[in-house]
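Residue indices begin at 1 and follow the sequence shown. Atoms within each ligand, like the ligands themselves, are counted from 1 in listed order.
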Amino acid sequence: MKILGIETSCDETSVSVVEDGYKLHSLVVNSQIDIHKAFGGVVPEIAARSHIEVMLPVIEQALGEAKCTWDEIDGIAVTRGPGLLGSLLIGVLTAKTLAWAKNIPLYPVHHIMGHVYANFITQQVGANDYNLPNKPPAFPFLSLVVSGGHSQLMLFESHDKCRIIGKTRDDAVGEAFDKVAKILGLPYPGGPSVSKAAQAGNPTKYRLPIAKLDNPYEFSFSGLKTAVLRAVQRECGVSLDFPSFELAGLLNEVQVNDFAASFQSTAIQTLLSATEKAVFEFKPTAVVLAGGVAANRSLRDSLASQLNVPVQMTDIRLCTDNGAMIAARGFYEAQAGSSLSPHDMTVLPNYQIPQLV
Ligand code: KG4
Ligand code: ZN
């Protein structure tokens, strides 16, 4: 069963053809990073307009690269939420229209479920330049989902039975990377630029706090971000009301690198310690690392070396938003019979993860 997956929840317009939830035929990602860079973050109206401009050519290219005609597509899967309203609307309206016009079943996909299911892609047709796992994760597995909008630990007992066992109380870890990058004057997107600066820094230079919460599987990153701000203010010898956007101009490169490394190592320690406790309690077969922040090499290395279960993480290019993860999860939505009529499909910008129990 070949599914065309469409992802437009934030600043990537991406379309992919995936067969039976694991065989990648094509993947096209049109990233808007260069457009939003000048603004230091995603501008929702500009994101939506850019999705409109490239949506149809990206679909054409994904079909072309998969050497597929519409007659061979058995389903259209689309991110229904969560995400930016205007961005989601473009993908969902396109998917609805195509499903109706071509008479193809339409499957709604939760964006976070999509991130986890990127790890079920194990084969690539044609040029094999993705570094894919050789088998899908076995149930029950624990997934650490870390992105710009979410940080959570999920326990999957089957494709249609999963629950969130802990999540962030405030900021997502990717959001913390992005905000710390702004404090340090590093370019958008913050995750990759903080992790690059961190490579040259000393992670023990600045002592930053790890939030202690009652629920051992919950995270908090808002305090960590504020702790970085306070430490930078102290280091620069300025008062608390000094404009934060002017702080970076007072830091030298060594200080920036040391702050980036100290922040990154504290954020990773926070994620590692909650995941370790969850592994001990729930005894999963594996930990599946997913979401944009899963592209962070130090996080990957720390989890792989310090957890005493196998850690599955897919190719770095499949960690950030893409249509393949949506097509992969779409296959299991099809297996569960959860198609929606184009008339009933709406966008859900605050879509809560379905508690499948
Ligand atoms: O999953 P994603 O593409 O979009 C959301 O669903 O949010 O994740 C984007 C987030 C951003 O916050 C970005 O800064 C972060 O992932 N990110 C990283 C890295 N690459 C992307 N964070 C840390 N290290 C990275 N290498
Ligand atoms: Zn995402």
Side-chain angles (χ1 to χ4, degrees), residues 5-14 16 27 29-33 36-37 40-42 44 47 78-84 87-88 91 109-119 143-152 154 167-168 171-184 186-199 201 203 219 221 224-225 260-261 263-272 288-303 313-326 328-329 349-351 353:
I6 300 179
E7 157 62 36
T8 64
S9 66
C10 190
D11 58 344
E12 262 96 27
T13 318
S14 180
S16 169
L27 171 57
V29 182
N30 183 83
S31 171
Q32 304 175 5
I33 286 179
H36 299 290
K37 216 170 200 152
V42 178
V78 63
T79 305
R80 189 179 195 191
L84 299 171
S87 292
L88 288 167
V109 172
H110 190 286
H111 181 79
I112 296 301
M113 295 295 268
H115 273 301
V116 177
Y117 275 73
N119 289 279
S143 187
L144 174 63
V145 186
V146 279
S147 74
H150 291 78
S151 301
Q152 57 199 35
M154 299 171 73
K167 57 184 177 179
T168 182
D171 293 353
V173 63
E175 199 178 342
F177 267 91
D178 295 336
K179 287 177 177 168
V180 166
K182 278 202 170 169
I183 297 171
L184 300 179
L186 294 168
Y188 163 86
S193 57
V194 168
S195 78
K196 188 160 174 248
Q199 276 172 17
F219 318 107
F221 291 103
L224 174 58
K225 169 203 68 193
F263 159 75
Q264 179 175 273
S265 107
T266 311
I268 291 175
Q269 194 49 49
T270 307
L271 296 169
L272 179 65
V288 170
L289 182 61
V293 183
N296 186 288
R297 287 204 185 270
S298 299
L299 174 62
R300 293 164 83 94
D301 293 346
S302 301
L303 292 178
M313 35 207 162
T314 191
D315 186 282
I316 284 184
R317 288 164 298 166
L318 295 179
C319 292
T320 40
D321 294 347
N322 64 82
M325 67 189 204
I326 302 304
R329 175 63 198 179
N350 297 315
Y351 201 2
I353 202 119

Where H115 and A290 come nearest, the two heavy atoms and their spacing:
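Answer, listing the atom of H115 first, then A290: O-CB, 3.5 Å.
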
Return the minimal non-hydrogen interatomic distance between Y188 and K37, and the atom names on each side.
O-CE, 3.5 Å

Starting from [atom], which protein heavy atom do you reach first, and at what distance in Å?
atom: atom 15 (C) of ligand 1; value: V293 CG2, 3.9 Å
atom: atom 24 (N) of ligand 1; value: N296 ND2, 3.0 Å
atom: atom 6 (O) of ligand 1; value: H111 NE2, 3.1 Å
atom: atom 21 (C) of ligand 1; value: G292 O, 3.4 Å
atom: atom 2 (P) of ligand 1; value: D321 OD1, 3.3 Å

Of the listed options [options], closest to [atom] (non-hydrogen atoms):
atom: atom 13 (C) of ligand 1; options: D178, T79, I316; result: D178
atom: atom 22 (N) of ligand 1; options: G149, A290, G191, G114; result: G191
atom: atom 9 (C) of ligand 1; options: A295, G148, A198, P192; result: G148

For N30, give me all partners under side-chain contact (heavy atoms from CB on, under 4.5 Å), at least two apart in sequence or on another chain.
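Checked N30 against side-chain contact (heavy atoms from CB on, under 4.5 Å); matches are T13, V54, V58.
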
May I ask you to list the atoms of ligand 1 that are less than 4.0 angstrom from any heavy atom of T320?
3 (O)

Per-atom filter on ligand 1: closer than 4.0 angstrom to a heavy atom of S195 are 26 (N)

Under a heavy-atom criterion of less than 4.0 Å, does H115 contact ligand 1?
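The answer is yes, since H115 has a heavy atom less than 4.0 Å from ligand 1.
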
Does [X] reach the side chain of [Y], with side-chain heavy atoms less than 4.5 Å apart?
X: E175; Y: K225; result: no
X: L84; Y: C10; result: yes
X: H111; Y: S147; result: no

Whether the side chain of [X] engages the backbone of [Y] through a donor-acceptor N/O pair (distance < 3.5 Å, no angle test) should be reported.
X: S9; Y: G81; result: no
X: T314; Y: N119; result: no
X: S151; Y: V173; result: yes

So is there a nitrogen or oxygen of P189 less than 3.5 Å from a nitrogen or oxygen in ligand 1?
no

N or O pair under 3.5 Å between G174 and ligand 1
yes

Tested for side-chain contact (heavy atoms from CB on, under 4.5 Å) against V109, the lone hit among R80, E7, M325, R329 is R329

Excluding waters, which protein N, O or S atoms are within less than 2.8 Å of the Zn ion (ligand 2)?
H111 NE2, H115 NE2, D321 OD1

Does the side-chain contact (heavy atoms from CB on, under 4.5 Å) test come out yes or no for L289 and V146, once each step is laid out?
CA-CA 8 Å; L289 182 61; V146 279; 4.1 Å; yes

Pairing donors with acceptors under 3.5 angstrom, does anything connect the side chains of E12 and T320?
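Result is no, nothing qualifies.
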
